[in-house]
Number of protein chains: 2
Amino acid sequence: MIGFIYHERCLDPMNLRDLRYLLAVAEHQHFGRAAAACGISQPTLSVQIRKLETLLGVALFERTRRAVVPTTACERLIGHVRAAVAEADAMLAEARTLRDPLAGRLRLGIIPTLAPYLLPLVFAPLREALPALEVEPWEDQTAALLERLRAHDLDAALLATEVDGSDLASRSLFAEPFLAALPAEHPLAGRDVVAETELARDILVLADGHCLRDQALAVCGRGDGSGGTLRAASLSTLLNMVAAGYGTTLVPGLAAGAAQDAGIVLRPLAVPAGRTVRIVWRARFPRRAAVEAVGEVIATRLRGFAEAGARAV
Amino acid sequence: MIGFIYHERCLDPMNLRDLRYLLAVAEHQHFGRAAAACGISQPTLSVQIRKLETLLGVALFERTRRAVVPTTACERLIGHVRAAVAEADAMLAEARTLRDPLAGRLRLGIIPTLAPYLLPLVFAPLREALPALEVEPWEDQTAALLERLRAHDLDAALLATEVDGSDLASRSLFAEPFLAALPAEHPLAGRDVVAETELARDILVLADGHCLRDQALAVCGRGDGSGGTLRAASLSTLLNMVAAGYGTTLVPGLAAGAAQDAGIVLRPLAVPAGRTVRIVWRARFPRRAAVEAVGEVIATRLRGFAEAGARAV
DNA sequence: TCACCATGATAGGCTTCATCTATCATGAGC
DNA sequence: GCTCATGATAGATGAAGCCTATCATGGTGA
């Protein structure tokens, strides 16, 4: 909104305090009692009210021995005064609830290969541990999340990659192993353990931009990015393709349940590999405490997940 | 309205000025430019914003080399801040229009024997001379008007009696002669001049409480108040009774036209008598200028009325 | 009628705080 | 690596808010 005038130095001496004084005198119709209600001395109140009258150029009260009666001008003004003071008080009250760093909204970015599988696990613990914090998830790929984070459109993000830049800080939360995902009828499905290179032959990967795509290709020794012709838009699509026998892939551990539900066979890798999930925030973000609390809840919930996940297969 | 807290000394240092500073920084997203817009130095602005943050216990801005970005807490608060500042500005604007003492509402009491005849004469001149003044007439008897005046329910009153009490002040506006009012067929109607004592025999007067009642009786030498049995509620009723031949009365000059319209014969008194119309206000009323301006307009409009009225009969 | 009381205004001194100029710290860009 | 831009910090200064003490005034009661 344009049009506010900040520079009104001649009018600036008007204080919220003075407006409270005005309300007090209007209510008590008595300087002494109003002063007591405001916790100041009567002379101070008299001076301040007179100052306000001079400032406004309007007599606010008619002083009598008997009573102090608001003028009609005062009655016209006092509605605005009440509203201004009420808004200021509302602001203070709002600030009081916001004072708790573990309260308020926290916009949290999450990568697509993590969100559908992690969120159901941590939603309840977050609500329990941080009831005043409204975590707003935002799902997008790593690059987009980092851009939004740097643009202050997000407060933090859950990523599976290292981040660079001194403007960002991060903390690792948990390690997520990769598992070989095979169609039930696949030749490798009988093995206890699958070698990465064997997987590479008919591996399917996600579309560009997903960090999991590059990581899966790297694990299989296809770091040049020459994956198969299929580029699935989502991990869910990819799993359905594998289940249908179009090829193999690597799935992150948290998606194991979804993969098995689709009829996919999961096997550990001969040389265990995986990714580390981290929470990232701007180094200057003032509510670091909230971010770290969220990270702590997630890390606690996922503690021992890597081993448990590996055992479960 | 109860429930406002005046005594919040720990929170009081929050100033409207600081809120304007906050809005400026939020808009410019730059301390230097915001400071310039506020007409203060950048260090001052930095200190004040930090003070406000400390006071609220909430970080309001995330400072970067590149930009100064409002935090989500700030975004939640800024609506209230804008509203508070807007209300304060509205109050200042209202005060600016009220600053003119010749503007605003003026509640003016008028006695019933004067109002219907005076108001039509002075309404247009008042609107022309004091266009910003909203004169609100209030018709009642003298005692009620004085009570309302002292209770601040009226700002001034037009009376036809002297007022006592150091709490009130008054100014005489014009003299209003009394005229003998006779039915057309009345024996005295043929005279050029009527003696007061002759009138006294069958005089009709107003009900108790009308100052005109006592004044008429006094003029006729019936100061004991032993008037006729009729006690008319209004001068209009009284005139109709006279016109119907029930008796005589004294009418104030401004009502001459109405009396003649009713078919009443008017004659001057042998010993001219009348009443003085005054404007009365509380001695401590701060808008004395408005009252005196109204009085001046009325006095000017009625200048020379006593003679003109006497000649017209 | 006069002393007394209540109430708001005024005076003088003290303390706090908003403001300034000068300077520092830090990160971006050439 | 130097320079510029930007916000933070330090110390000095002046205004203003607050207090206690006192005055002025008008209503009240013996």
Side-chain angles (χ1 to χ4, degrees), chain A residues 6-22 24-26 28-55 59-70 150 165-168 282-284 286, chain B residues 6-22 24-26 28-55 59-70 150 164-169 282-284 286:
Chain A
Y6 314 116
H7 182 86
E8 291 212 31
R9 305 198 58 176
C10 51
L11 294 170
D12 239 354
M14 191 182 62
N15 214 317
L16 271 173
R17 184 170 15 94
D18 299 335
L19 298 188
R20 288 184 200 279
Y21 293 166
L22 168 58
V25 175
H28 290 89
Q29 311 222 339
H30 188 288
F31 276 76
R33 284 191 284 277
C38 295
I40 58 174
S41 70
Q42 169 265 314
T44 298
L45 185 61
S46 288
V47 168
Q48 291 308 103
I49 293 291
R50 185 159 297 283
K51 189 202 70 176
L52 193 57
E53 286 179 317
T54 305
L55 175 72
L60 293 170
F61 297 99
E62 201 175 324
R63 283 91 158 161
T64 315
R65 303 294 139 199
R66 284 288 176 74
V68 175
V69 185
R150 288 195 161 101
S166 59
D167 58 332
L168 297 180
R282 291 186 301 281
R284 293 180 179 273
Chain B
Y6 314 116
H7 182 86
E8 292 211 30
R9 305 198 57 176
C10 52
L11 295 170
D12 239 354
M14 191 183 63
N15 213 314
L16 271 172
R17 185 171 14 95
D18 298 335
L19 299 188
R20 288 184 200 279
Y21 293 167
L22 168 58
V25 175
H28 290 90
Q29 311 224 339
H30 188 287
F31 276 75
R33 284 191 286 276
C38 295
I40 58 173
S41 70
Q42 169 266 314
T44 298
L45 186 60
S46 287
V47 168
Q48 291 308 103
I49 292 291
R50 184 160 297 283
K51 189 202 70 176
L52 194 57
E53 286 179 318
T54 305
L55 175 73
L60 293 171
F61 296 99
E62 202 174 321
R63 283 92 159 158
T64 316
R65 302 295 140 199
R66 283 288 176 75
V68 175
V69 185
R150 288 196 162 100
D164 51 355
S166 60
D167 58 333
L168 297 180
R282 292 186 301 281
R284 293 181 180 272

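A, B, ... follow the sequence lines: proteins, then strands. Residue 1 opens every chain. Atoms considered below: every heavy atom in the structure, side chains included; atoms not considered: hydrogens, waters and symmetry mates. Note that the structure is a prediction, hence the values are computed from the model and not measured.
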K.L.:
Would you tell me if any nitrogen or oxygen in the side chain of B:Arg284 comes within less than 4.0 Å of OP1 or OP2 on D:dG26?
P.N.:
yes
K.L.:
Report the distance from atom CD1 of A:Ile49 to atom P of C:dT7, rounded to the nearest whole Å.
P.N.:
17 Å
K.L.:
Just N and O in the side chain of B:Lys51: are any of them under 4.0 Å from OP1 or OP2 of C:dA18?
P.N.:
yes
K.L.:
For the pair made of CD1 in B:Ile40 and P in D:dA15, what is the distance, rounded to whole Å?
P.N.:
18 Å
K.L.:
Would you check, one step at a time, whether the test side chain to side chain contact (heavy atoms under 4.5 Å, CB included) holds for A:Arg20 with A:Arg17?
P.N.:
CA-CA 5 Å; A:Arg20 288 184 200 279; A:Arg17 184 170 15 94; 5.7 Å; no
K.L.:
Please report, rounded to the nearest Å, how far the P atom of C:dT16 is from the CZ atom of A:Arg17.
P.N.:
15 Å
K.L.:
Which residue, B:Arg150, B:Arg282, B:Arg284, forms the salt bridge (charged side-chain N to carboxylate O under 4.0 Å, His left out) with B:Asp167?
P.N.:
B:Arg150
K.L.:
Please state how far atom CZ in B:Phe31 lies from atom C1' in C:dC20, giving the value in whole angstrom units.
P.N.:
18 Å
K.L.:
Just the rounded figure in Å: distance from C1' of C:dG27 to CD of B:Glu62.
P.N.:
16 Å
K.L.:
Run through A:Val25, A:Ile49, A:Leu60 and flag the one making a side chain to side chain contact (heavy atoms under 4.5 Å, CB included) with A:Val68.
P.N.:
A:Val25
K.L.:
Return the set of residues passing side-chain contact (heavy atoms from CB on, under 4.5 Å) with A:Pro286 (not counting sequence neighbours), or none when no residue passes.
P.N.:
B:Ala59, B:Glu62, B:Thr71
K.L.:
Does D:dG7 have its OP1 or OP2 closer than 4.0 Å to a side-chain nitrogen or oxygen of B:His30?
P.N.:
yes
K.L.:
Compare every heavy atom of B:Asp18 with every heavy atom of B:Gln48, then report the nearest pair and how far apart it is.
P.N.:
NE2-OD1, 3.1 Å
K.L.:
In B/S/- notation, 5' to 3', how is nucleotides 9-14 of chain D contacted by protein heavy atoms closer than 4.0 Å?
P.N.:
B-----
K.L.:
Reckon A:Ser41 has a side-chain N or O less than 4.0 Å from the OP1 or OP2 of D:dC18?
P.N.:
no
K.L.:
Write down the distance between CZ (A:Arg63) and C1' (C:dT7), rounded to a whole number of angstrom.
P.N.:
12 Å
K.L.:
Nearest whole angstrom, please: distance from the P of D:dA8 to the CG of B:Leu45.
P.N.:
9 Å
K.L.:
Taking CD from A:Gln29 and P from C:dT7, how many angstroms apart are they, rounded to a whole number?
P.N.:
14 Å
K.L.:
What's the shortest heavy-atom distance between B:Phe61 and B:Glu53, and which atoms?
P.N.:
N-OE2, 3.2 Å
K.L.:
Where do B:Cys38 and B:Tyr21 come nearest, in terms of heavy atoms and distance?
P.N.:
SG-CD2, 3.6 Å
